[in-house]
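Take a look at the structure set out below.
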Amino acid sequence: MAKFCIDPGHGGSDSGGVGGKRKEKSDVLRLAIQVGQQLEKQGHTVLLTRSVDEFVKIAQRTAEANRAKCDYFLSIHRNTGPATAHGLEIWVHSRATARTVQQAKDILDACVKVHGTNRGVKKGAASPDYENYGVNSQTTMASALLEMLFITNTEDNKAFDRYLDDYALAIAKGLVKAVGGQWKPISDDAPIRVGDTVSIRPGAVYGGLASTRGSKVPAYVTQRHYQVKQLATHKGTPEALLEGINSWVSLAFLRKV
């Protein structure tokens, strides 16, 4: 089994790209959480650099992945540009090996099969201000920065919402292929839904908008199973209201049982 670091770009005071009322930080968090869930169902270990709407420095994200000795680091973003710009692209280090380029291509190709124009694997960084993205230059494992459609394009935004679940599954499959693994057929590849029975992973914190938000879920609570009563997004974090404790918990800390 492999260990993946999934990095939802931006967060907190850093909203990332903006398209109308949409914020990149919220879109990529939704997607990253689902990617992580799909990988965990395959038995892989997943490290999320953030699971809530908070600002995390790039150096902290990469250092955490390096310490954990992850096999692959994927940073997920949304692109910005003129209203006519559209499609998907992925960035690797300017001196990336052929192997690293192929790994990135595996991920991008899986996404393009779902929907979208293939803008290709690119080296370096889009900005002329620096040679490489920090997530690619500061990691010690193979890495890439995935631009999931343009947040400044109306049709791309519609596709992002319509195919969100499919993109999450495609990215997970692309990642497994990138590290030489085999995808195992699972009867239920769907994300967590209302009515599902779930367990709470250790280290979880309460969500919602109550005063308990951010406080740690006690260990005895994580030893039981709960039914999902409702789904909502609070402060950019997808969460579930769990019957039995009547509290919100981030989807990133939940696992289907």
Side-chain angles (χ1 to χ4, degrees), residues 2 4-11 16-20 22-42 44 46-51 72-81 85-92 103-122 135 143-179 181 183-186 188-193 231 233 236-239 250-252 254 256:
F4 296 97
C5 183
I6 307 300
D7 173 45
H10 309 285
V18 176
R22 300 182 74 110
K23 294 182 179 179
E24 180 181 359
K25 66 175 184 177
S26 300
D27 280 358
V28 297
L29 180 60
R30 290 164 54 203
L31 180 57
I33 286 173
Q34 288 199 23
V35 172
Q37 290 171 348
Q38 295 290 1
L39 289 169
E40 286 185 333
K41 285 193 291 185
Q42 291 285 311
H44 301 290
V46 176
L47 171 65
L48 279 176
T49 58
R50 67 179 181 93
S51 58
Y72 198 93
F73 184 106
L74 180 68
S75 190
I76 302 178
H77 291 254
R78 303 262 344 248
N79 221 335
T80 58
H86 62 283
L88 306 105
E89 64 191 38
I90 193 165
W91 291 81
V92 295
Q103 288 174 305
K105 186 175 184 300
D106 289 338
I107 299 166
L108 182 62
D109 287 349
C111 293
V112 171
K113 286 181 181 178
V114 173
H115 180 85
T117 300
N118 190 339
R119 295 170 59 90
V121 179
K122 302 184 177 183
V135 293
S143 64
L145 185 149
L146 176 64
E147 294 279 14
M148 284 299 300
L149 304 167
F150 280 74
I151 200 169
T152 46
N153 182 284
T154 300
E155 294 305 312
D156 270 11
N157 284 331
K158 289 179 180 178
F160 185 90
D161 292 335
R162 179 179 181 182
Y163 299 110
L164 181 69
D165 298 348
D166 298 316
Y167 281 133
L169 180 59
I171 293 171
K173 287 184 175 180
L175 282 165
V176 171
K177 181 179 180 181
V179 298
W183 189 264
K184 300 177 295 185
I186 296 178
D188 181 16
D189 273 331
I192 291 173
R193 303 291 192 191
L231 296 172
T233 299
T237 302
E239 297 175 347
S250 167
L251 296 186
L254 301 180
K256 281 188 180 183

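Applying the side chain to side chain contact (heavy atoms under 4.5 Å, CB included) test to Ala110 and every residue at least two apart in sequence or in another chain returns Ala170. Residues passing the side chain to side chain donor-acceptor pair (under 3.5 Å) test with Asn153: none are found, sequence neighbours excluded. For the salt bridge (Lys or Arg N to Asp or Glu O under 4.0 Å) test, residues two or more places apart in sequence or in another chain that qualify with Glu239 are Arg213. With sequence neighbours excluded, the residues satisfying side chain to side chain contact (heavy atoms under 4.5 Å, CB included) with Ala168 are Leu31, Gln34, Val35. Residues satisfying the salt bridge (Lys or Arg N to Asp or Glu O under 4.0 Å) test with Lys158, not counting sequence neighbours, are Glu155. Lys177 pairs by the side chain to side chain donor-acceptor pair (under 3.5 Å) definition with nothing, not counting sequence neighbours. Partners of His86 according to the ring-ring contact (aromatic ring centres under 6.0 Å, His included) rule, which considers only residues two or more places apart in sequence or in another chain, do not exist here. Shown here are the side chain to side chain donor-acceptor pair (under 3.5 Å) partners of Ser51, two or more places apart in sequence or in another chain: there are none. For Ser75, the side chain to side chain contact (heavy atoms under 4.5 Å, CB included) partners two or more places apart in sequence, or in a different chain, are Asp7, Phe73, His77, Val135, Leu145. Scored by the salt bridge (Lys or Arg N to Asp or Glu O under 4.0 Å) test, Lys105 finds Asp109 as partners (sequence neighbours excluded). Remark: Tyr167 pairs with no residue by the ring-ring contact (aromatic ring centres under 6.0 Å, His included) rule, at least two apart or across chains. Applying the side chain to side chain contact (heavy atoms under 4.5 Å, CB included) test to Asn157 and every residue at least two apart in sequence or in another chain returns Arg22, Arg78, Ile151.
For the atom pair CZ (Arg119) and CG (Asn79), the distance works out to 6.0 Å, reported to the nearest 0.5 Å. Here CD1 of Ile171 is found 8.5 Å from CD1 of Ile90. Values are rounded to the nearest 0.5 Å. Atom CD1 of Ile76 sits about 11.0 Å away from atom CD of Glu24, to the nearest 0.5 Å. Between Ile192 atom CD1 and Leu254 atom CG the span is 4.5 Å, to the nearest 0.5 Å. Note that CG of Asn118 is 4.5 Å distant from CG of Leu108, once rounded to the nearest 0.5 Å. From Arg50, atom CZ reaches atom NZ of Lys25 across 8.0 Å, with rounding to the nearest 0.5 Å.
Classification of the Phe4-His44 ring pair by plane angle, with boundaries at 30° and 60°, yields perpendicular.
By the 4.5 Å heavy-atom criterion applied to side chains, Thr233 and Leu29 are not counted as neighbours. Counting heavy atoms from C-beta on, the side chains of Trp183 and Leu169 come closer than 4.5 Å. For the pair Asp166/His115, no side-chain contact is recorded, criterion being any heavy-atom separation below 4.5 Å from C-beta on. Looking only at side-chain heavy atoms (C-beta outward), Glu147 and Lys122 stay at 4.5 Å or farther from each other. In this structure, Gln38 and Leu175 have side chains that are not in contact, with every pair of non-hydrogen atoms separated by 4.5 Å or more. For the pair Arg30 and Asp27, the minimum side-chain heavy-atom distance is below 4.5 Å.
When all heavy atoms are compared, the tightest approach of Pro238 to Gly236 is CD-O, 3.7 Å. The minimum heavy-atom distance between Val46 and Gly36, with the atom names listed, is CG2-O, 3.6 Å. Considering every non-hydrogen atom in both Met148 and Cys111, the closest pair reads SD-SG, 4.0 Å. Ser250 and Ile33 make their closest contact through OG-CD1, 4.3 Å (heavy atoms, listed as atom of the first residue, atom of the second, distance). For the residue pair Ser143 and Val92, the shortest heavy atom distance occurs at O-CG1, 3.9 Å. Taking every heavy atom of both residues into account, Gly81 and Phe150 meet most closely at N-CD2, 3.8 Å.
Formation of a donor-acceptor pair under 3.5 Å by the Gln37 side chain with backbone atoms of Leu251 is found in this model. Within the 3.5 Å criterion, the main-chain N or O of Gln42 finds a donor-acceptor partner in the side chain of Lys184.
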